Amino acid sequence: MTTMTPPAPTRAPARVPLLRRLGTVLLAHPIVRTLGPFVPFLLIWWAVAATGSVNAAFFAGPGEVWQSFTELVRKGMMPSYLGDSLERLAYGVGFGLLIGLPLGFVVALSSWARRLTWPLLLFFQAIADIAWLPILIVWFGFSLTSVTFVIVYTVVFPLMLGIVAGVDQVPRELVNAARSLGAGRLRVFFEVIVPGSLPAVASGVRTGLGYGWRALIAAEIIVGTSGIGFMMFDARRAGEVSQVFLGMIVLGVLWYALDALILAPFERATVERWGLVRQMEAAR
Amino acid sequence: GCGGGATVEDPGAEGSAASLRAGYLSAIDQVGLPLALENGYFEDRGLNVDIADPFPTGVDALNALQAGEVDLVQVGTPLVPAAQKGDELVLVGNYTGSASQASIDDTMAVVATPDAGITADDLNSLRGKRVGVSVGSINHLYLLGLLEKAGLKTSDVTIVNTAPPDLGVALETDGIDAAIVWDPWPITITDQVDGAEEVMRGGGHIPFVGYQVTTREFLDEHPDEVAAYLAARAEVDKWIRENPDEAGEAATRWLPGTESAVAQEAMQHNVKQLDPRFSACNYLALDTVADLMAQGDAAEPDFDPAPYFDPAPILKVMEENPDLFEGLPEVPAPAQVEEGYTYDQAAADKACP
Amino acid sequence: MNTLEINNLRKEYVDHYTGETIPAIGEVTFSIGEGEFVSVLGPSGCGKTTVLNIVAGFIDHTAGDVLVHGKSVHGPGPDRGVVFQSHALFPWKTVLGNVTFGLRMKGVPRVERERAAADILELVGLSGFERKYPHELSGGMQQRLGLARVLVNEPEVMLMDEPFASIDAQTRRKLQQDLTEIFEKRRPTVFFVTHDIDEAVFLSDRVVVLSARPSTVAEIIDVDLPRPRTWRETVEDPRFREYTHHIEERLGGGEPDAQAG
Amino acid sequence: MNTLEINNLRKEYVDHYTGETIPAIGEVTFSIGEGEFVSVLGPSGCGKTTVLNIVAGFIDHTAGDVLVHGKSVHGPGPDRGVVFQSHALFPWKTVLGNVTFGLRMKGVPRVERERAAADILELVGLSGFERKYPHELSGGMQQRLGLARVLVNEPEVMLMDEPFASIDAQTRRKLQQDLTEIFEKRRPTVFFVTHDIDEAVFLSDRVVVLSARPSTVAEIIDVDLPRPRTWRETVEDPRFREYTHHIEERLGGGEPDAQAG
Amino acid sequence: MTTIDSPARTVGRVRRPGPRRGSEAVWFVVPFVLLVAIWWLVVEVTGTTARTFPQVTDVIAALAEMAASGDLARHLGASLQRMLIGAVLAVVTAIPFGIALGSSPRLSAFFSPLLRFSVALAGIAWIPIATLWLGYGDRAVIFIVWNAMFFALTYNTVLGVQQIPVQTVRAARSMGTRGPRIVWEVLLPGALPSIVTGLRIGLGYGWRGLVAAEIIATNAGLGYALFLAQSQFDTGVIIASMVIIGVLWLLMDRLLLAPLERRTVERWGMKAVS
Ligand SMILES: Nc1ncnc2c1ncn2[C@@H]1O[C@H](COP(=O)(O)OP(=O)(O)OP(=O)(O)O)[C@@H](O)[C@H]1O
Ligand SMILES: Nc1ncnc2c1ncn2[C@@H]1O[C@H](COP(=O)(O)OP(=O)(O)OP(=O)(O)O)[C@@H](O)[C@H]1O
Ligand SMILES: O=C([O-])O
Ligand SMILES: [Mg+2]
Ligand SMILES: [Mg+2]
């Protein structure tokens with residue numbers, strides 16, 4: 001969330017020494033800010049691998065991982081696996097949002113729907129998507145449908161719970177204000193409920209997508225025939241530990257990009273701009 | 001990934017009469033299927049075989065068979081509970097096992113570090129150990145066989161459910177004292193884990209089973225295709241038996257990440273079990289395995305194997321192409337089967353050495 | 001028929017957790033005729049906002065009747081514009097978005113909306129802030145925005161809860177004057193809650209004085225001052241001071257709320 | 001040395017999204033001596049709350065110095081008690097929990113805390129509401145609670161942002177009187193923001209009048225009225241009216257904020 | 001939810017402690033009764049085989065058998081223990097971490113890229129490394145549970161902290177609240193509505209992670225039971241295990257989260273109550 005970017009400095013720069021100012025400017029550079037935190041981790045990783053303190057059969061260093069990356073790209077496997085994973089994710093997330101968003105608002109807003117579905121919602125969200133797989137496979141086979149189902153299942157619940165919580169937190173007063181300004185139910189919904197619950201909805205989308213991504217990997221491991229999750233599973237079977245590590249990095253990077261390029265700017269432009277969430281003032 | 005034919009999303013050209021969809025697992029003893037395709041043996045018989053991407057486990061393969069995604073799969077122990085749950089399975093041949101003897105388990109080994117003190121000479125040394133096996137799979141049964149031989153009870157060891165790829169880590173991190181697993185894992189693990197070695201291999205404690213499994217419906221509708229398929233499989237088995245090193249090398253193309261040295265070493269053990277023929281010994285093997293599974297709570301007791309066997313197609317192949325089975329040990333006469341054979345456990349027991 | 005009738009209104013708040021009930025409105029009866037401006041005065045916590053919320057249709061009452069245009073109140077509606085004590089601005093809308101909200105709901109075209117908004121923002125002194133969000137405004141500016149948001153709609157009935165409480169004396173004077181002018185021109189029906197006695201007398205046709213909680217009507221004063229009113233002239237009218245003194249005494253009698261239910 | 005010194009204070013708000021800057025405080029200089037009561041008056045939106053927030057240490061300033069007890073302000077601290085324009089009560093604490101919060105932070109024992117709280121709640125007329133949560137209080141009651149929460153701490157410096165804005169005239173009178181008594185007894189240093197001229201004059205030793213935004217000090221008026229003060233006596237002092245008229249005229253000159261930065 | 005409903009009608013339904021509990025319980029059960037009825041009917045009418053989906057009675061029989069054989073108690077005990085440890089670890093790490101990120105721009109600038117990066121890494125993907133570092137056993141499983149909960153809980157805590165009105169924090173600071181006390185007195189209660197949601201979502205994922213991880217390195221637990229049932233094509237036990245997991249979670253929600261919510265955020269008026 002936006003919330004995670006530091007607020008632009010409001011203090012007069014004139015009072016800060018030049019060197020520190022330079023440091024601040026450097027640190028504020030998006031690339032430094034984004035990649036900086038990974039540097040220590042890369043170093044530790046590299047050091048652990050270099051000392052050979054961990055059995056190399058189960059642990060790959062940055063060099064080997066890079067090698068496997070270039071090799072897989074050269075062979076064309078990486079692009080094709082990536083494409084498969086992304087396609088599945090797109091289907092899963094697409095349907096997940098399509099189902100979860102409207103359903104979430106219906107449950108949040110209609111006391112009947114809430115009564116009838118809330119306990120079921122809680123019940124089913126605990127049942128692991130992957131617990132469904134054995135049965136899904138019998139129904140849908142080793143198909144895109146099974147994988148999509150698992151992702152949808154994972155995306156929908158946090159989304160719905162997030163929406164319900166968000167709607168509950170919309171001040172009643174604002175609904176009243178809109179009603180007395182002539183907004184009908186539908187308008188109240190779009191003009192008040194949606195934006196008012198947006199911080200929680202955005203958080204639900206973020207959590208849902210993040211875990212949907214996880215579900216994809218889990219599903220590919222279990223019903224996999226291609227994709228990044230399958231690549232990791234297959235590499236593990238084959239003892240190619242560097243590909244397992246590579247898989248994790250690819251997953252992380254992709255999700256990071258999705259989050260940083262789409263979700264975060266969206267949140268910055270809405271809930272933060274509106275002052276609904278804000279970065280806390282630094283404790284001084 | 002590397003499976004040749006159609007993907008699961010594309011069930012292939014089902015319209016053509018001489019076509020068949022087959023599934024296998026990424027295992028050294030199952031590569032006969034892709035190698036037959038590679039060597040053109042299916043094509044030679046006018047059969048168009050689509051190979052599905054490899055399934056992770058036999059359970060998944062049976063689920064795919066049940067869901068109608070494939071027509072024929074290569075499966076071992078999981079077929080017992082599946083059959084008990086009502087799947088209409090038919091066994092038409094072996095991908096691994098033996099038609100000439102009751103027990104064969106050359107592809108199975110126990111791996112441990114010397115600290116564990118487990119030796120082949122004294123099976124009692126298993127007592128109190130934590131043993132990694134995949135519960136319900138053939139390595140689990142091998143452990144049960146060992147325990148029986150040693151006169152130990154199941155409760156005398158701690159069984160740790162471990163997938164084969166995890167056995168190495170489990171040994172390395174002292175999560176288990178010994179790993180029991182099939183090839184090529186014993187070879188891989190001894191390479192990976194310092195000090196780990198094969199402390200035991202084979203020994204004829206159990207019959208290793210692995211069948212060509214199809215559905216009743218498919219067999220009834222496509223008997224010729226099944227026969228052609230079995231003939232091609234028999235041909236590739238023969239080729240592997242005669243060219244184990246070349247086959248080991250070829251296998252690495254289908255088992256990504258497997259080094260050729262490892263594959264070739266594993267293939268040496270594997271060829272001893274490449275016997276596609278059916279005899280009473282194969283009925284007996286499944287019977288024995290089912291009993292062991294029941295003992296290990298991996299299946300219901302009192303499994304009758306006979307209804308699931310249909311020897312007709314393979315018998316036809318054996319009759320028409322005796323050359324494909326050259327070099328295999330003679331099937332003892334009392335163990336030989338023909339169409340209409342009725343299985344009798346006592347008789348089979350006597351017939352198979 | 002009166003535009004607004006409040007008959008024997010009673011309200012008890014129930015604490016769901018302790019089961020306790022707090023009588024907020026003891027028994028209140030008064031009415032507001034069409035085009036009448038009525039102010040309600042009373043000690044802090046006596047139930048003024050509660051009455052207003054009931055009339056607005058935001059909360060339910062325990063007993064009695066509340067009729068608007070002869071019909072029982074069921075929920076809020078655009079016939080009654082409300083200025084909230086706590087502003088209740090939409091944080092996700094700019095100043096302009098807040099002001100034009102009601103007009104959008106009515107389907108007024110954009111150009112017209114923005115023209116009307118510009119006029120009203122000028123009136124409340126918020127011109128130039130159109131693109132700001134509420135959290136960027138000062139307290140008084142937020143309050144003026146809440147006022148503008150309702151005025152621009154020209155509702156038949158206006159319910160205003162201390163709309164000038166956080167505004168400085170000068171601006172307040174000006175806005176009171178503006179409100180009077182608007183009122184005298186359009187003649188809406190106004191229910192106006194305040195704690196400023198001068199303001200109540202200056203603006204109103206009648207002033208309802210409530211007692212401390214649980215509130216009852218202590219007195220209803222007819223303000224017989226000529227309209228159109230201007231501050232300059234009205235304060236010079238001797239009756240203005242008479243009214244304010246009278247109300248001051250009336251209110252002085254009641255101590256502020258100091259005992260819970 | 002003055003307790004509070006504000007020298008050439010300037011503040012611009014920066015809009016992170018548009019990059020625009022809004023000058024809120026043009027240039028403000030004044031100081032408050034130890035034990036002095038200073039009120040700040042000015043048109044709505046001129047920057048009163050902003051100055052108070054800077055002194056409280058909540059926000060940074062753009063230029064100038066703010067010294068409390070001779071030291072630059074860095075963040076908030078218990079030496080400066082703040083009454084917020086928006087109350088800022090803790091919704092998760094009862095009335096009692098809110099009032100005793102500061103004492104708990106200081107480590108005052110429970111019994112003593114509750115005794116002090118009882119006294120102060122009596123003073124602001126909230127006895128009997130100890131177990132209620134803020135959302136169960138009326139607007140004026142919330143404001144009184146915010147006041148009580150600070151008074152009970154007896155801070156050396158009190159920063160009060162329109163603490164009586166939403167309280168009815170009677171209660172307000174009483175609280176102004178009470179605050180005067182407390183002030184005369186303990187002599188804290190008080191920075192008091194209000195828009196009520198009578199209130200400013202009655203309470204203060206000096207009144208700072210700010211111009212419209214971006215604010216500058218228009219005038220500083222010394223209020224030379226004898227202490228102890230009571231409303232009854234003070235309003236009869238002719239200088240009281242002189243002061244209020246003077247300020248009224250001073251303020252009347254400035255139009256309310258009507259132009260954005 | 002009554003937000004759109006006219007409050008005039010909703011407020012009339014006064015919640016009094018006694019009878020309300022009773023009707024609440026009824027409303028809690030009704031959806032399940034309906035669901036089970038539909039399940040029974042669909043399986044019956046379509047003639048679905050147990051291999052595809054078991055009938056209600058199959059599942060009840062499976063449950064009864066699991067209970068009778070002692071398997072149920074064994075699996076439940078093992079799973080609950082792992083879940084408890086994993087959940088407690090997640091709560092004591094994610095909430096403080098979320099609060100730290102929510103309240104410190106510096107920390108969040110540093111950690112948010114790492115956090116974003118790791119969200120996508122499924123518990124299962126961690127198994128190779130988790131087992132290597134933590135040993136092949138319970139600790140790896142607990143790690144997976146922790147990992148499954150951690151991110152949902154962290155994100156929601158951050159959100160909760162960032163939604164606390166700035167004036168509220170200022171008020172506490174100006175009354176001398178510092179360091180850990182500000183966390184306890186302001187940030188935690190202020191963020192609580194969102195934290196409860198995070199717990200709801202996170203605990204759900206925790207169960208998920210547990211089930212996924214129990215197929216490694218274990219010989220007891222509901223995930224293991226599922227694994228066995230799956231390898232034996234025992235759909236009755238599969239569904240029974242799922243039902244047990246769902247019921248356990250419901251109990252957890254009813255007995256822990258709902259009362260917590262009622263006593264805090266609802267009581268404090270920080271959430272609309274229907
Ligand atoms: N967070 C903010 N971001 C941008 N501008 C702000 C912000 N807070 C205040 N302002 C602007 O600064 C100016 C001064 O605001 P401030 O709240 O100090 O006024 P004030 O004198 O206290 O007014 P009032 O009497 O209405 O409370 C206003 O014009 C306002 O729009
Ligand atoms: N939601 C609520 N729950 C419980 N009690 C409430 C609630 N709202 C108000 N009350 C109580 O009802 C009484 C009247 O409140 P109300 O807000 O109507 O007063 P008011 O006259 O508007 O006061 P003020 O002038 O301070 O705004 C108060 O004593 C208050 O404590
Ligand atoms: O999401 C997990 O698979 O833990
Ligand atoms: Mg009120
Ligand atoms: Mg202000």
Side-chain angles (χ1 to χ4, degrees), chain D residues 49 52-59 68 73-95 97-108 131-137 142 145-161, chain E residues 2-3 7 10-11 14-15 95 99 103-106 108-109 157 160-197 259-274:
Chain D
T49 299
L52 186 136
N53 278 339
I54 291 169
V55 174
F58 298 148
I59 57 176
V68 174
V73 167
H74 280 295
D79 54 326
R80 282 150 292 150
V82 182
V83 181
F84 292 81
Q85 187 170 10
S86 55
H87 317 335
L89 302 169
F90 302 120
W92 51 85
K93 291 197 183 293
T94 59
V95 167
N98 268 283
V99 170
T100 55
F101 185 88
L103 296 177
R104 266 200 319 116
M105 292 302 115
K106 280 196 212 160
V108 176
R131 305 266 149 238
K132 298 274 164 236
Y133 284 89
H135 72 108
E136 298 171 300
L137 303 183
Q142 290 180 13
L145 177 55
L147 177 67
R149 185 172 66 170
V150 167
L151 287 181
V152 76
N153 282 334
E154 309 196 341
E156 279 171 65
V157 180
M158 280 199 270
L159 313 175
M160 308 173 101
D161 199 353
Chain E
T2 47
T3 327
T10 28
V11 176
V14 169
R15 180 197 323 220
I95 294 179
I99 287 177
S103 53
S104 157
R106 267 165 216 262
S108 90
T157 307
V161 171
Q162 288 172 339
Q163 286 185 291
I164 300 172
V166 64
Q167 302 287 16
T168 313
V169 182
R170 289 175 175 176
R173 291 233 167 94
S174 76
M175 283 187 282
T177 324
R178 283 279 173 278
R181 288 200 95 169
I182 205 134
V183 171
W184 184 249
E185 300 282 352
V186 183
L187 303 186
L188 199 59
L192 204 61
S194 194
I195 289 177
V196 172
T197 304
L260 173 71
E261 213 170 12
R262 210 165 16 241
R263 238 165 263 161
T264 56
V265 291
E266 281 183 24
R267 178 79 184 97
W268 303 336
M270 290 166 76
K271 176 189 159 184
V273 184
S274 31

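Just so it is clear: chains get the letters A, B, ... in the order the sequence lines come, proteins before strands, and each one is counted from 1. Given the structure is predicted, the values throughout are model-derived calculations rather than measurements.
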Minimum-distance pair of heavy atoms, taken over all atoms of [X] and [Y]:
X: E:A171; Y: D:A88; answer: CB-O, 3.7 Å
X: E:M175; Y: D:M105; answer: O-CB, 3.5 Å
X: E:R178; Y: D:G77; answer: NH2-CA, 3.9 Å

By a 4.5 Å heavy-atom criterion (distance strictly below it), what part of D:L89 contacts chain E: side chain, backbone, both, or neither?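 Interface part for D:L89: backbone (N, CA, C, O).
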Select one option (side chain, backbone, both, neither) describing which atoms of D:D79 are under 4.5 Å from chain E's heavy atoms.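 Neither the backbone nor the side chain of D:D79 comes within 4.5 Å of chain E.
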Less than 4.5 Å apart, any side-chain heavy atom of D:F101 and any of E:T177?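 SC-SC contact between D:F101 and E:T177 confirmed.
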Indicate yes or no: at least one non-hydrogen side-chain atom of E:Q167 is less than 4.5 angstrom from one of D:V82.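 In short, these two side chains do not touch, never coming nearer than 4.5 Å.
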Quick one: does D:W92's side chain have a donor or acceptor within less than 3.5 Å of a partner on E:E185's backbone?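 Such a contact is found between D:W92 side chain and E:E185 backbone.
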Assess whether atom CZ of D:R131 is packed by more than 12 heavy atoms of other residues, nucleotides or ligands within 6.0 Å.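 Atom CZ in D:R131 is not crowded, with 12 or fewer foreign heavy atoms closer than 6.0 Å.
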